[in-house]
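Step one of this worksheet: look at the structure below.
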Amino acid sequence: MATITQQIIELLDILPEEEQTLAYEFLKRMVLAWDPDFVKLTPFEEIQLTQAMQSVEDGELYTDEDINWD
């Protein structure tokens, strides 16, 4: 977890529950303003996608037949 994320969590834990709800709604509005359709990739998701695409290009794929389903 990123340092800033951990710091935000620690600050939220200090707040009373009612204020935590307000902070949550504020963050949710910020995310929706930044990416209303939830289609942008986070840096972590971008790394995962790049690695997955590289695996496909390298032929590191498994078919249904390769898997023992029993």
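Note: hydrogens, waters and symmetry copies are ignored here, and every other heavy atom, side chains too, is used.
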Are any non-hydrogen side-chain atoms of [X] and [Y] less than 4.5 angstrom apart?
{"X": "Y24", "Y": "K28", "answer": "yes"}
{"X": "I47", "Y": "Q51", "answer": "yes"}
{"X": "V39", "Y": "D35", "answer": "yes"}
{"X": "Q7", "Y": "I4", "answer": "yes"}

For [Y], is there any backbone N or O sitting under 3.5 Å from a side-chain donor or acceptor partner on [X]?
{"X": "D58", "Y": "E60", "result": "no"}
{"X": "E46", "Y": "L41", "result": "no"}
{"X": "W69", "Y": "D64", "result": "yes"}
{"X": "E45", "Y": "T42", "result": "yes"}

Euclidean distance, [Y] [atom2] relative to [X] [atom1], rounded to 0.5 Å:
{"X": "L12", "Y": "E17", "atom1": "CG", "atom2": "CD", "answer": "12.0 Å"}
{"X": "E19", "Y": "L11", "atom1": "CD", "atom2": "CG", "answer": "13.5 Å"}
{"X": "I8", "Y": "T3", "atom1": "CD1", "atom2": "OG1", "answer": "11.0 Å"}

